[in-house]
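Throughout, residue positions are numbered sequentially from 1 according to the sequence presented.
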Amino acid sequence: MNLEGNFNTKGSKGSMDCFSALLIIVFISLSPLKATAQGSPEGASFTASLLNIEAPVNETFRYQTTLKNSSDQAQVFELKAETPEGWRLAFKARGSQVTSLNVEPGKTESLTIEIRPAYGAEPDRYSIPVQAIAGSETLELELEAVVEGSYELELTTPSGRLSGEITEGEKAEILLQVKNTGSLPLNEITLSSQTPPNWEASFSPSEIQQLDPGKTVDVIATVSVPDKTLAGDYVNKFTAKNAPSTSTATYRMTVKTSMLSGGVGILVILLSIGFVFYLIRKFGRR
């Protein structure tokens with residue numbers, strides 16, 4: 001009986017040992033391992049403070065990254081990236097644009113990655129793989145640029161010419177064009193002017209309720225020049241504006257005197273000359 005009891009105790013203890021060993025193996029196999037870049041050089045890392053940036057299409061996306069060399073040998077990293085067609089990317093370190101970077105043993109280098117979307121890039125989420133290659137090993141980052149729509153407004157004339165002539169005391173009609181050059185609709189666009197003293201300007205229409213991307217609206221600006229305005233060049237500023245965007249067109253106008261004013265001036269000059277001639281003849285005889 002005692003032998004049997006001893007045998008059962010030992011068998012039970014052996015089973016517990018096997019079960020414990022099995023648990024240890026399972027725990028080790030399921031324990032998370034420290035993440036490292038696939039194929040990275042020993043003791044090197046490539047990290048970014050932000051992997052995802054959201055900005056309008058007309059802005060530059062800037063990612064602050066770090067290359068770390070924890071090994072006992074210097075590493076020269078060749079820098080590469082894949083961007084969508086028409087996009088521009090630049091690596092900058094120590095204030096200069098670079099294509100490779102030497103990192104001394106145990107040192108860390110800061111690297112700025114600047115990405116400029118292509119003109120007119122559609123609002124979307126874009127993935128940009130970036131690589132730092134040292135020898136046959138590669139460190140990788142997957143950057144993401146979220147392109148927002150843009151608000152852009154342009155005020156000009158159909159021909160692009162921003163100058164004209166006008167006679168003092170008269171009115172002139174100037175054909176302007178308001179263009180939506182962005183990728184988002186523009187709402188409640190108002191028009192205003194900055195003119196020389198005593199000049200007046202009005203617009204038809206004076207407000208545009210909505211202007212879709214790529215569309216254009218014609219606007220007539222009527223400028224009134226007061227009487228007796230001196231001949232010369234004068235500057236008028238026309239502005240189209242809504243909440244997110246503004247555009248100003250500087251229009252130069254050359255003022256000429258009217259025929260009547262010119263005739264009166266000539267008559268005054270002739271009368272003055274005749275009066276002087278009369279005085280000379282009258283008093284010259286004495």
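- Pairs passing the salt bridge (Lys or Arg N to Asp or Glu O under 4.0 Å) check and including a residue from residues 155-167, sequence neighbours excluded, read Glu165-Lys256.
- With sequence neighbours excluded, the residues satisfying side chain to side chain contact (heavy atoms under 4.5 Å, CB included) with Glu122 are Tyr126.
- Taking the side-chain hydrogen bond (donor to acceptor under 3.5 Å, both in side chains) definition, one finds that Asn52 meets it with Glu144, sequence neighbours left out.
- Residues meeting the side chain to side chain contact (heavy atoms under 4.5 Å, CB included) test with Ala90, sequence neighbours left out: Gln97.
- Taking the salt bridge (charged side-chain N to carboxylate O under 4.0 Å, His left out) definition, one finds that Lys171 meets it with nothing, sequence neighbours left out.
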Taking distance alone, no hydrogens or angles, what donor-acceptor pairs closer than 3.5 Å link side-chain atoms of residues 220-239 to residues at least two apart or in another chain?
| unit_1 | atom_1 | unit_2 | atom_2 | d |
| --- | --- | --- | --- | --- |
| Thr229 | OG1 | Pro226 | O | 2.6 |
| Asp233 | OD1 | Thr254 | OG1 | 2.7 |
| Tyr234 | OH | Leu230 | O | 2.7 |
| Thr239 | OG1 | Thr248 | OG1 | 3.1 |

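- Remark: Glu207 pairs with no residue by the salt bridge (charged side-chain N to carboxylate O under 4.0 Å, His left out) rule, at least two apart or across chains.
- In terms of the salt bridge (charged side-chain N to carboxylate O under 4.0 Å, His left out) criterion, residue partners of Glu78 (sequence neighbours excluded) are, by chain and number, Lys80.
- Qualifying salt bridge (charged side-chain N to carboxylate O under 4.0 Å, His left out) partners for Arg62, counting only residues two or more places apart in sequence or in other chains: Glu114.
- Taking Glu104 as the reference, Asn102 meet the side-chain hydrogen bond (donor to acceptor under 3.5 Å, both in side chains) condition, with sequence neighbours excluded.
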Name the atoms and distances for all side-chain donor-acceptor pairs under 3.5 Å in residues 180-193, with sequence neighbours left out.
| unit_1 | atom_1 | unit_2 | atom_2 | d |
| --- | --- | --- | --- | --- |
| Asn180 | OD1 | Gly182 | N | 3.0 |
| Asn180 | ND2 | Leu184 | O | 3.0 |
| Asn180 | ND2 | Leu211 | O | 2.8 |
| Asn180 | ND2 | Asp212 | O | 3.3 |
| Ser183 | OG | Ser150 | N | 2.8 |
| Thr190 | OG1 | Lys241 | O | 3.3 |

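- Partners of Asp218 by side-chain hydrogen bond (donor to acceptor under 3.5 Å, both in side chains), not counting sequence neighbours, listed by chain and number: Gln177.
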